Amino acid sequence: MSSEPLPWGDSEPVSRSGSTRRHVGRRLIQHQEDDCRRCRGCVRVCPAGAIGVSEAGTLVIHERCVSCGACVKECGFRGHVVRDDTAAVRALLHGGGPVVAVLATEAVAALHPKTTRDLECALEAMGFHAVETTLLGEEMVASEFERLVVGREHMPAIRSTCPVVVSWVLRFHPKLTGALVPLVPPYIAQAKLVKSLYPEGTVVVYVSPCFARKDDCSDPQYGGAVDAAIDFAELEELLADAPPLAPGVEPPGARRPAPLKEVSLTDGFPRSFVECGGDSRVDTAVVRGLEPLDRLLDAIADGEAAPSLVDTLHCDGCIDGPTVAPQLSVHAKRTIAVAHGEASRSAASVGCRRLLAYLPRPDLRRSFTASPVMTVVPSPEEVDRILAEGGVASRDEALDCGACGQRTCADHAVAIAQGRSTWDMCWPRQAERLEASLAALAEAATTDPLTGLPNRREFEARLREEVERVNRYGGELSLLMVDVDAFKGINDTYGHRVGDSVLRSIGAIIPKVLRGTDLPSRYGGDEFGVLLPGIGKTAAFAVAEKLRSAVRAISVGGSGADGVSRVTLSVGVSAISGAGVEPDRLLEAADRALYRAKENGRDRVEIAPD
């Protein structure tokens with residue numbers, strides 16, 4: 001893009017308030033760790049990366065938060081909540097002066113099936129002096145928008161009535177701050193109009209379709225036009241406490257004409273920009289949602305796109321705002337609004353263009369000051385190092401699945417470097433770790449940790465399988481029960497560390513004298529078991545002798561009279577070669593043979609009788 005100043009860049013800088021005047025220090029969106037289920041859904045839906053993750057839990061990074069409310073909508077357990085401002089409204093109603101409610105025009109959908117007349121009656125019964133909508137404010141802003149934008153030489157212009165979009169531009173695209181059209185949002189225009197027409201001392205309560213305007217209304221540039229702001233969910237809470245209407249009360253709406261909307265469409269956007277079609281002098285890019293807006297603004301900054309006007313909102317129109325009947329689809333809400341609009345059109349008696357000519361024209365100008373998010377940008381080498389820590393060998397091998405809430409694995413590495421995330425948010429990596437943990441647990445359940453051989457549980461399970469196989473299909477099966485001679489003396493003389501070393505050595509020797517189909521195991525203590533499928537007792541005796549000879553090579557401590565110079569084994573052998581034998585009988589036979597080997601002097605092999 002050109003380095004020339006954008007059309008609104010010469011406006012006077014004005015600071016922006018970070019919280020409402022009535023709740024100093026209270027953030028609009030707050031995280032409640034006690035109610036958080038740690039599903040991390042809020043992290044994945046937050047477009048601003050304003051939900052940080054650490055080992056301690058989750059937190060809102062307020063410097064990045066644009067108050068879109070995505071985290072609140074995502075969480076069904078009040079892990080994220082919006083500040084309650086109903087107390088401020090109740091205080092105003094008890095203040096003695098006239099209080100006017102300004103409802104966003106989406107009220108008909110937000111509070112359906114209540115009608116406008118029902119709302120006016122209920123609010124009047126609560127103590128409101130009058131009820132207005134933002135319809136005239138939308139018309140005034142749209143009219144001023146036409147005058148400012150059409151025919152301007154310096155473009156692009158970014159429609160700026162959505163506070164979420166404004167925050168996004170100011171924080172994440174500060175170089176485009178001057179492109180924001182310097183007009184107040186329609187609800188501020190309406191509030192200023194109310195204060196110029198109603199008695200002095202009138203206060204205004206605005207009812208918003210979104211959360212962000214609850215803070216936006218306190219911008220000092222607005223001159224206190226709005227005294228308190230709540231959303232439609234809070235209004236429903238207030239209505240639930242409203243006193244019953246007196247019989248025969250006529251709503252104030254029945255005593256005045258219904259103006260016909262002529263100039264604007266959604267939230268103060270000029271109707272003429274759409275209706276003039278191909279003859280339009282303004283090349284308009286319509287964008288809904290922060291992610292597509294972010295891509296467009298990047299393209300504009302890189303010179304890849306140059307629309308004259310960017311018509312952008314965070315939601316799919318304010319009727320899709322987070323507090324407008326969230327239980328209904330946007331299509332259902334639009335159907336309700338269209339039906340209400342047709343009824344209003346038939347009852348309207350005054351066109352807005354004509355009406356505005358007789359009304360005061362409040363100041364609709366505002367200015368913007370960039371407030372870029374200050375973050376440390378890690379070097380490419382640092383990003384690669386963090387990726388490697390997460391098991392990503394190179395950027396070419398990155399999955400970029402987005403499950404962590406970031407667009408790419410490299411973006412996630414940047415978030416980790418900035419302290420906004422951890423590798424625990426990488427679900428593919430967590431799945432791999434879980435699989436490895438399950439495999440380790442499975443191995444631990446069947447493996448002896450000292451020798452690395454299968455444990456008694458695995459040995460007995462395999463014994464049952466092999467015996468069943470022989471009983472069903474025939475064949476032979478042999479079993480060795482192996483015991484280390486005088487093992488207690490080794491432990492007592494040389495200590496348990498030496499004893500453990502002996503067992504590990506035996507555990508390493510046994511598999512070397514066996515076939516791949518055989519199963520060695522540590523049965524318990526200094527006792528080992530060996531299953532030999534497919535061979536009889538004679539071949540099993542040969543295996544046992546081979547094992548006994550191999551173990552005799554192990555030496556412990558000194559030689560001669562000073563200590564044990566070698567380790568010996570006693571082995572019992574049992575075998576089956578037909579059906580009708582239970583696993584326990586085979587095991588007992590090998591145990592009895594082992595006992596005879598010990599009785600007969602140890603360091604020998606005995607075979608169980610048939």
Side-chain angles (χ1 to χ4, degrees), residues 69 72-73 82-90 92-93 99-138 185-187 190-191 194 204-214 217 226 228-246 249-256 258-259 261 266-267 313 315-348:
V72 178
K73 291 174 65 178
V82 180
R83 184 187 59 233
D84 184 355
D85 291 326
T86 54
V89 176
R90 290 190 173 95
L92 291 175
L93 289 172
V99 182
V100 175
V102 173
L103 305 181
T105 52
E106 294 76 25
V108 293
L111 300 173
H112 181 75
K114 294 184 178 70
T115 65
T116 303
R117 183 169 296 186
D118 294 335
L119 287 174
E120 290 180 341
C121 288
L123 291 171
E124 188 177 65
M126 287 176 58
F128 282 94
H129 177 73
V131 180
E132 300 280 356
T133 72
T134 58
L135 188 148
L136 289 175
E138 292 178 8
Y187 79 94
Q190 185 72 45
V194 165
V204 171
V205 172
Y206 172 57
V207 184
S208 168
C210 72
F211 306 132
R213 288 177 178 171
K214 284 157 54 74
C217 69
V226 172
I230 56 175
D231 56 49
F232 282 117
E234 291 170 303
L235 176 60
E236 287 193 285
E237 293 178 13
L238 291 173
L239 291 173
D241 298 333
L245 294 174
V249 172
E250 183 185 38
R255 301 191 294 268
R256 64 185 181 199
K261 196 172 184 180
T266 303
D267 201 34
L313 297 171
C315 304
D316 190 5
C318 291
I319 200 166
D320 195 32
T323 74
V324 181
Q327 75 278 10
L328 297 178
S329 70
V330 67
H331 308 290
K333 291 183 279 190
R334 284 189 177 129
T335 299
I336 294 169
V338 168
H340 178 270
E342 291 174 351
S344 300
R345 182 177 294 273
S346 62

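Since this is a predicted model, take the numbers as computed values, not measurements. Heavy atoms only: backbone and side chains are in, while hydrogens, waters and symmetry mates are out.
- Contact between Q190 and L135 at its shortest, heavy atoms only, is OE1-N, 3.9 Å.
- Among all heavy-atom pairs drawn from L239 and M126, the shortest one is CD2-SD, 3.9 Å.
- Rounding to the nearest 0.5 angstrom, the gap separating the CD atom in E106 from the SG atom in C210 is 9.5 Å.
- A heavy-atom distance below 4.5 Å is found between the side chains of P322 and C315.
- The ring pair (Phe, Tyr, Trp, His ring centres under 6.0 Å) check on F232 picks up nothing, with sequence neighbours excluded.
- Put simply, the residue from I336, I319, T335 that forms a side chain to side chain contact (heavy atoms under 4.5 Å, CB included) with L328 is I336.
- Residues satisfying the side-chain hydrogen bond (donor to acceptor under 3.5 Å, both in side chains) test with T115, not counting sequence neighbours, are D118.
- Residues forming a salt bridge (charged side-chain N to carboxylate O under 4.0 Å, His left out) with E138 (at least two apart in sequence, or on another chain): K261.
- Screening residues 321-341 for salt bridge (charged side-chain N to carboxylate O under 4.0 Å, His left out), with sequence neighbours left out, gives D316-R334, D320-K333.
- Residue F128 holds its CZ atom at 8.5 Å from CG of L92, rounded to the nearest 0.5 Å.
- At least one side-chain heavy atom of R90 sits under 4.5 Å from a side-chain heavy atom of L238.
- Here the CG atom belonging to D85 is positioned 8.5 Å from the CD1 atom belonging to I230, to the nearest 0.5 angstrom.
- Here the side chain of Y187 pairs a donor or acceptor atom with the backbone of C217 at under 3.5 angstrom.
- For the residue pair A191 and V226, the shortest heavy atom distance occurs at CB-CG2, 3.8 Å.
- A distance-only check finds no donor-acceptor pair linking the side chain of E124 to the backbone of C121 [under 3.5 Å].
- No donor-acceptor distance shorter than 3.5 angstrom exists from the side chain of T134 to the backbone of G137, with no hydrogens or angles considered.
- Qualifying side chain to side chain contact (heavy atoms under 4.5 Å, CB included) partners for E237, counting only residues two or more places apart in sequence or in other chains: D84, T86.
- Nearest approach of K214 to R83, heavy atoms of both residues: NZ-O, 3.2 Å.
- At least one side-chain heavy atom of L235 sits under 4.5 Å from a side-chain heavy atom of L111.
- Side-chain contact check for L123 versus L103: some heavy-atom pair is nearer than 4.5 Å.
- With hydrogens and angles ignored, the 3.5 Å screen pairs a side-chain donor or acceptor of T323 with a backbone N or O of P209.
- By the salt bridge (charged side-chain N to carboxylate O under 4.0 Å, His left out) test, D267 is found to be paired with R213, residues two or more places apart in sequence or in another chain being considered.
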